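Read through the structure below, which is laid out as structure tokens, and then see the notes.
Model, not experiment: these values are computed from the prediction. Computation of the quantities below employed the complete heavy-atom set of this structure, encompassing side-chain atoms and omitting hydrogens, waters and symmetry-equivalent molecules.
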Amino acid sequence: MNSSPASGRDGPLLPIAIVVTVLAWASAFIVIRAAAAEYHPAALALGRLLVGTAALSLLVIGRRWVRLTAREWLLVGIYGTAWFGLYNAALNTAETTLDAGTTAMVVNIGPLLIALGGALVLREGMTRWLGLGLVIAFAGALLIGASSSTGRVDLAGVVWALVAAVTYAAGVLAQKPVLRRLPNGQVTFLGCAIGAVVLLPFSGQLVADAAAASTGATLGLVYLGIVPTALAFTTWGYALQRMPASRLGVTTYVVPPIVILLGLLVFQEAPAALALAGGALCLAGVAISRRRSRPAPDPDAVPERTGNLAQ
């Protein structure tokens, strides 16, 4: 399936896929916040990916397997290592010290980094809006970090959330090209499996944590593997095949507000005021980066006549 914009034949499936992805990923921040209290961050990520790989295997069993080229294996390897392995471990680590809403605001710099990567790696060009958005979003991240002086935001947690944003963007940039030829289910399965292999050194920690963890925490791990991983990454890939990565990334703007609301309802915790201001700057920077400059007027163009000549 190609990566051309969605056509009418997709019907309601494309918006449904986007909504499912956004809601599932928003819920992940809340479940991670709870489960990370009983699981080591990397062990939680490994358990999530093992469950996700098992669930995703159902999508590839009995289906035609497309042989990958060397370049595609390299890109899928980057995709799985960065977005599944490193991203999940970094995100879990961030949420051991940050509230879910603050983490979501920092991670949501990802779409801006995707646009920046498209300009630098894919030679799509650097616009003034992209540069301005990058500066504003970076200022927002610094403001969130400065709120650590209030005792409510940990600077190390902000750094880990930024690592998650970078690996998220790297994963999307590596994933997009391979979806032009390879089936979405196959790519997602391979990415999840590769991420799990990267985190296998923490298998001993996972076994120990699972033995001591509460039933609720372990059910949270299973939920993370099935819904935000197997389901949401599949619906994300479906959407990514049908629209540009930068446009799809914009849909994640609504994740932080949802996470903040859920965090308030579930944990009675919300980002500090300074962190909220920084998060607003981050989101503003991402939004500004997506603006397009108007084309310069053609001096040789003949102006169109206006008005009713029959008057």
Side-chain angles (χ1 to χ4, degrees), residues 1-3 10 13-14 16-25 27-28 31-32 42-92 110 114 164 167-203 206 220-243 245 248-249 252:
M1 214 168 280
N2 59 37
S3 57
D10 290 314
L13 293 181
L14 181 59
I16 289 174
I18 293 172
V19 170
V20 168
T21 303
V22 167
L23 293 179
W25 282 352
S27 71
V31 178
I32 289 170
L44 177 62
L46 173 59
R48 169 181 181 173
L49 295 181
L50 290 175
V51 173
T53 301
L56 287 165
S57 67
L58 300 177
L59 295 178
V60 296
I61 292 177
R63 294 182 179 241
R64 185 175 67 92
W65 186 268
V66 179
R67 186 174 181 179
L68 281 69
T69 65
R71 178 177 180 272
E72 287 169 340
W73 271 117
L74 175 61
L75 290 173
V76 170
I78 294 172
Y79 161 60
T81 300
W83 201 359
F84 283 90
L86 301 181
Y87 168 82
N88 281 297
L91 176 62
N92 296 348
I114 292 170
T167 51
Y168 155 40
V172 173
L173 291 172
Q175 178 191 22
K176 180 66 175 177
V178 298
L179 286 176
R180 293 170 185 158
R181 192 181 76 88
L182 300 178
N184 171 38
Q186 180 178 332
V187 172
T188 306
F189 168 76
L190 286 173
C192 192
I194 291 170
V197 170
V198 169
L199 296 174
L200 277 180
F202 296 93
S203 56
L206 173 61
L221 181 153
V222 173
Y223 172 86
L224 289 170
I226 295 175
V227 180
T229 303
L231 175 62
F233 274 87
T234 299
T235 53
W236 165 272
Y238 176 88
L240 190 60
Q241 284 183 313
R242 291 158 173 79
M243 61 190 299
L248 183 58
T252 63

Nearest heavy-atom contact between Leu75 and Ala174 is O-CB, 3.5 Å

Could you tell me whether the side chain of Gln186 and the main chain of Pro183 form a donor-acceptor pair under 3.5 Å? no

Check: Ala164 main-chain N/O paired with Thr167 side-chain donor or acceptor under 3.5 Å: yes

List the atom of Val227, the atom of Ala24, and the distance in Å for their closest heavy-atom pair. CG1-CB, 3.9 Å

Closest heavy-atom pair and its distance - Lys176, Leu240: NZ-O, 2.6 Å

Please work out whether the ring planes of Tyr168 and Trp236 are parallel, tilted or perpendicular, with thresholds of 30° and 60°. perpendicular

Closest approach of Phe202 and Leu46, non-hydrogen atoms and distance? C-CD2, 3.8 Å

Can a donor-acceptor pair be found, under 3.5 Å and without considering hydrogens, that links the side chain of Thr235 to the backbone of Ala232? yes

So, does Asn184 use its side chain to make a donor-acceptor pair with the main chain of Thr234 at under 3.5 Å? yes

Work out which heavy atom in Thr53 is nearest to a heavy atom in Ala196; give both atom names and the distance. OG1-CB, 4.4 Å

Looking only at heavy atoms, which two atoms of Thr229 and Arg48 are closest? And how far apart? OG1-NE, 2.6 Å

Short question: side chain of Trp25, backbone of Pro228 - any donor-acceptor pair under 3.5 Å? yes

